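Right, one structure below, let's go through it.
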Protein chains: 2
Amino acid sequence: MKTEGTARYADMFAALGSEPRLQIVRLLLSAHPDGMIVSDIQAELGIPNSTLSHHLEKLRMEGLVSIKKDKQWLWYSTNAAALQDLLGFLYAECCTRSKVVKPVSITSAKARR
Amino acid sequence: MKTEGTARYADMFAALGSEPRLQIVRLLLSAHPDGMIVSDIQAELGIPNSTLSHHLEKLRMEGLVSIKKDKQWLWYSTNAAALQDLLGFLYAECCTRSKVVKPVSITSAKARR
DNA sequence: TTCATATTTCTAAAATACTAGAAATACCAA
DNA sequence: TTGGTATTTCTAGTATTTTAGAAATATGAA
C-alpha cells in the first residue's frame with residue numbers, strides 16, 4: 001500500500017468535511033467552468049462574508065478551488081485536477097487496490113437520492 | 001441540485017479527514033472482508049489504544065466501519081455500502097451532475113503514484 | 001476625487017477535535 | 001477463581017476549527 005500521500009488526501013477530505021464547504025464546492029461544480037464570484041456564493045448560501053472567505057481560503061489551500069481575478073471580482077472555480085486526484089484516490093482504494101466496491105455500482109448508478 | 005444529504009456526506013468526509021483515520025480505513029480496506037482486531041491495527045499504526053478507540057468510534061458513527069465480536073476480540077471492517085455511497089456521491093458530483101472530471105480518467109487510471 | 005462595491009484581514013469568542021494516561025470493563029483460558 | 005489479554009471509558013490538557021463583527025484594502029464607476 002502506497003502510504004505517502006495519505007496525509008494530503010486526509011487534508012483534502014477534511015476540506016470537504018464541513019457542510020458549508022461542501023455546499024460551496026457543489027455550487028462551484030454547478031457553475032463550472034466559469035465559477036462564481038464571492039458575493040454570489042454568499043447570496044446563494046447566506047454565509048457572512050468573513051466566514052465565507054475563510055472557507056474559501058481553506059479550499060484554496062488544499063487546491064480544491066482556484067481563483068481568477070477580473071476587475072473588482074474574484075472568480076472562484078473548482079480545480080478539476082485536484083478533484084480528479086481525490087476521486088481517483090478513493091476509487092482506487094475502494095475498487096482497484098481493494099475490491100470492496102464494485103466499479104459498476106459507481107459508474108452506472110441511477111440518479112442519486 | 002439535491003441538497004439534502006450534504007451534511008451527512010460532509011460528516012463522512014470529515015471522518016476520512018484526519019491522517020490516522022484515513023490510515024485506519026486504508027488498512028481495513030486491505031484486510032477486507034475479514035477486517036482486523038484493534039490490537040493488530042494498533043500494532044500496525046502505533047496509535048495508543050485510547051486514541052485508536054476514539055478514532056474507530058468516529059468511523060463507526062459515520063457508518064464507514066462496522067464491528068463483529070468474536071470471543072474477546074472486536075473485528076473492525078470497512079462498510080462497503082457506506083463507501084459505495086460516498087464514492088458514488090463524489091463520482092456523481094464530479095462526473096455526472098457536472099462534467100468537471102472525465103469518468104475514464106478515474107476508472108482507467110494507471111497505478112497511483 | 002469621491003463614492004460604492006467586493007473581498008480580505010484583524011480580532012476574538014465559542015465549539016469541537018485530537019491526544020493519551022489511567023482506570024474500568026469484558027471475556028476467555030487455565 | 002485467578003490471571004491475562006482486549007478494548008473501552010474516564011478524565012483532562014492542548015490544539016484546531018468554526019464563526020462572525022468590524023476594520024482595512026482594493027478596485028472601478030461616476
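Chain naming here is simple, since letters A, B, ... match the order of the sequence lines and numbering starts at 1 in each. Keep in mind it's a predicted model, so treat the numbers as computed, not measured.
Annotation: side-chain contact (heavy atoms from CB on, under 4.5 Å) contacts of A/Lys99 (sequence neighbours excluded): none. By the side-chain contact (heavy atoms from CB on, under 4.5 Å) test, B/Ser53 is found to be paired with no residue, residues two or more places apart in sequence or in another chain being considered. With sequence neighbours excluded, no residue satisfies side chain to side chain donor-acceptor pair (under 3.5 Å) with A/Ser39.
Applying the ring pair (Phe, Tyr, Trp, His ring centres under 6.0 Å) test to pairs two or more places apart or on separate chains, none has a residue in residues 40-68 of chain B. The side-chain hydrogen bond (donor to acceptor under 3.5 Å, both in side chains) analysis of residues 40-52 of chain B, with sequence neighbours excluded, yields no pairs. Sorted by first then second residue, the salt bridge (Lys or Arg N to Asp or Glu O under 4.0 Å) pairs that include residues 18-38 of chain A, not counting sequence neighbours, are A/Arg26-B/Glu93. Within the structure, the side-chain hydrogen bond (donor to acceptor under 3.5 Å, both in side chains) test picks out the following pairs touching residues 67-80 of chain A (sequence neighbours left out): A/His32-A/Thr78.
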| task | Between protein and nucleotides 23-29 of chain D, map the contacts as a letter string: B base, S sugar-phosphate only, - none, heavy atoms under 4.0 Å, written 5' to 3'. | result | ---SSS-

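The shortest side-chain heavy-atom distance between B/Ser30 and B/Met36 does not fall under the 4.5 Å cut-off. The closest side-chain heavy-atom distance from B/Asp85 to B/Tyr9 is below 4.5 Å. Within the 4.5 Å cutoff, the side chain of A/Leu28 has heavy atoms near those of the A/Ile41 side chain.
B/Leu52 has its CG atom 14 Å from the C1' atom of D/dT9, to the nearest Å. Between the P atom of D/dT5 and the CH2 atom of B/Trp73 lies a distance of 12 Å, rounded to the nearest Å. To the nearest angstrom, P of D/dC10 lies 10 Å from CD of B/Glu57. With rounding to whole Å, A/Leu74 atom CG is found 9 Å from C/dT8 atom C1'. One interatomic measurement links the two molecules: CH2 of A/Trp75 to C1' of C/dA6, which rounds to 13 Å at whole-angstrom precision. When rounded to the nearest whole Å, the span between CD1 of B/Ile67 and P of D/dT8 equals 6 Å.
Listed by residue number, the members of residues 31-48 of chain B with any heavy atom below 4.0 angstrom from DNA chain C are B/Pro48. Non-hydrogen atoms lying under 4.0 Å from DNA chain C are contributed by B/Ser18, B/Pro20, B/Arg21, all within residues 10-23 of chain B.
Here B/Tyr76 reaches the OP1 or OP2 of D/dT8: one of its side-chain N or O atoms lies under 4.0 Å away. OP1 and OP2 of C/dT19 both lie 4.0 Å or more from every side-chain N or O belonging to B/Thr51. One finds a side-chain N or O of B/His55 lying less than 4.0 angstrom from the OP1 or OP2 phosphate oxygen of C/dT19.
Between the side chain of A/Ser105 and the backbone N or O of A/Lys102, at least one donor-acceptor pair lies under 3.5 Å.
Rounded to the nearest 0.5 Å, atoms CG (A/Leu16) and OG1 (B/Thr6) are 11.5 Å apart.
Residues B/Met1 and B/Tyr91 do not share a hydrophobic cluster, clusters being chains of Ile/Leu/Val/Met/Phe/Trp/Tyr side chains in contact below 4.5 Å.
Annotation for B/Met61: hydrophobic cluster partners, listed by chain and number, are none (ILVMFWY side-chain heavy atoms under 4.5 Å, direct or chained).
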Check: protein-nucleotides 10-16 of chain C nitrogen or oxygen pairs below 3.5 Å:
none

